[in-house]
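Comments concern the structure below.
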Amino acid sequence: MKKNKNKLIRLITAGALTLSFIFAGGCGDEKTEHHIAVICKSSDEYWQSAKKGAEDAGEEMGIKITYNASEKEDVSEQIKYVNNAIADNADVIVIAPVQDSDELADALKKAKSNNINVIIIDSDMREEVRESCISTNNTYGGAISARKLSEFIGNHGDIGIITHAPTSATAIERKNGFIKQIDEYNSENDVPVMNVVATENGNGDIQQSKEATIKLINDYPDLKAVFATNQGGTIGACMAVEELGKADSVQVVGFDSFSKGDGYKSAKEYTEDDILDGFIVQNPYNMGYLGVRYAKDIMDGQTIATAIDTGATLVTKDNIHDSDVQLIMNPMQN
């Protein structure tokens, strides 16, 4: 039964291309000398799921997987891991970049000059450094967050944003998708009815995001909602709203599921307590799994799509107990 659930989680949010890919290829029994270096952003729960997906794919295909991620997001550490992969003669690098920096791009270009292909997962970079990007459609995720949040506040009021990194592609795309959707709603009226009054950077850190949310609430007494662009931001926003007793007046919509941690509740508990009103669930397991599977495709001389959408699901109190939603929220338990 566990095996069947694991297969289901890989398929729930993948598109037709992903489905055909998974079922078309077997899980090869022969061991090879191939080596895929997987590099993620941090040691957060989200990335543990991606690690599990990558390792499962590597085990199925008999391919050596090396996994690296710093404790906190650190682009200089990622550059070090890329250089290590080059020195170790990896066949493919699968990386979730902290940011699209020139320094990281140069390291990946060096990898390509050494005949090491690059697949990006989660957060895209400039096209010249990679063969494909496997990720959530982050602009769409921001847009559906705006739609739900506008519904919660009756299409009227001040909104603040907690972003996780000004130069991160995921943060930029989610924020832009959110604001564009709000602007479209406002264009239907003679005057703006929803105002994005400020953006605060929480750096993806829970405590910094909590402090940033408190600042928003204090600076804007009429604040009706907060949109957080990643897991750390969502947790911090929930902590702030609960601590200030603002659950009835400030709605929170964010990104990513999370378990209970030191000083904060789980996404499920915050949702049931009406503190977290909605959150986008991505599929990091699928990103890691498909990153390795498509890396094998490249090693076999096949051409892969330049962009692969792993899907996004909006979770609210109305659907959080649905079995398919639970499978996506808890891939490590299935």
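- Taking the side chain as every heavy atom from C-beta outward, D100 and D124 never approach each other to under 4.5 Å.
- Side chains of T213 and E200: no donor on one and acceptor on the other come within 3.5 Å.
- Inspection of the Q231 and D44 side chains reveals no N or O donor paired with an N or O acceptor under 3.5 Å.
- One finds no salt bridge joining E59 and K52 here, because no Lys/Arg side-chain nitrogen approaches an Asp/Glu carboxylate oxygen to under 4.0 Å.
- The two residues C238 and I275 come nearest to each other via the heavy atoms O-CG2, 3.7 Å.
- Between F258 and Y264, the ring-plane angle classifies as perpendicular under the 30° and 60° cut-offs.
- Listed by first then second residue, pairs satisfying salt bridge (Lys or Arg N to Asp or Glu O under 4.0 Å) with a partner in residues 274-291 read D274-K317, not counting sequence neighbours.
- At a threshold of 4.0 Å, the pair D297-R293 does not count as salt-bridged, since none of the basic side-chain nitrogens sits closer than that to a carboxylate oxygen.
- Across G142 and F255, no two heavy atoms sit closer than the pair N-CZ, 4.2 Å.
- For the residue pair D309/Y140, the side-chain donor-acceptor check at 3.5 Å is not satisfied.
- For N138 (side chain) and T136 (main-chain N/O), a donor-acceptor pair under 3.5 Å exists by modelled atom type.
- In this structure, D300 contributes its side chain and Q302 its backbone to no donor-acceptor pair below 3.5 Å.
- Under the 3.5 Å distance criterion, with hydrogens and angles disregarded, no donor-acceptor pair is assigned to the side chains of N230 and Y46.
- Between K265 and E242 there is a salt bridge, since a side-chain N of the basic residue sits under 4.0 Å from a carboxylate O of the acidic one.
- A donor and an acceptor atom, one from each side chain of D205 and N203, are nowhere located under 3.5 Å apart.
- We find the CD1-CZ distance between I93 and R130 to be 15.0 Å, quoted to the nearest 0.5 Å.
- In the model, S168 has no side-chain atom that pairs as donor or acceptor with a side-chain atom of Q99 under 3.5 Å.
- A donor-acceptor pair is defined here as one N or O able to donate and one able to accept, closer than 3.5 Å; no such pair exists between the side chain of T229 and the backbone of A171.
- Using modelled atom types, one finds a donor on one side chain and an acceptor on the other under 3.5 Å when comparing S76 with D74.
- No donor-acceptor distance shorter than 3.5 angstrom exists from the side chain of D322 to the backbone of V325, with no hydrogens or angles considered.
- Side-chain contact annotation: Y289 with E60, donor-acceptor N/O pair under 3.5 Å present.
- Judged by distance alone, with hydrogens and angles left aside, the side-chain atoms of D91 form a donor-acceptor pair with the main-chain N or O of H35 at under 3.5 Å.
- Put simply, CD1 on I120 and SG on C133 are 7.0 Å apart, with the number rounded to the nearest 0.5 Å.
- Side-chain atoms of H156 and S150 form no donor-acceptor pair, as typed in the model, at a separation below 3.5 Å.
- Annotation: side chain of T139 is not in contact with side chain of K180 (no heavy-atom distance under 4.5 Å).
- Counting heavy-atom neighbours within 6.0 Å of K175 NZ, excluding the residue itself, gives a total of 12 or less.
- Salt bridge annotation for E128-K112: absent, with no cationic side-chain nitrogen under 4.0 angstrom from a carboxylate oxygen.
- Rounding to the nearest 0.5 Å gives a distance of 9.5 Å between CG of L216 and CD1 of I161.
- Across all non-hydrogen atoms, the minimal contact from S42 to E73 is CB-N, 4.0 Å.
- In D248, the CG atom is not crowded: 12 or fewer heavy atoms of neighbouring residues, nucleotides or ligands sit closer than 6.0 Å.
- Using a 4.0 Å cut-off between a side-chain N of Lys or Arg and a carboxylate O of Asp or Glu, E272 and K268 qualify as a salt bridge.
- Looking at D88, its side chain never comes within 3.5 Å of a backbone N or O of A90 through a donor-acceptor pair.
- Residues I39 and I298 do not share a hydrophobic cluster, clusters being chains of Ile/Leu/Val/Met/Phe/Trp/Tyr side chains in contact below 4.5 Å.
- By the neighbour-count criterion of 12 heavy atoms within 6.0 Å, atom CD of E269 is densely surrounded, having more than that number from other residues, nucleotides or ligands.
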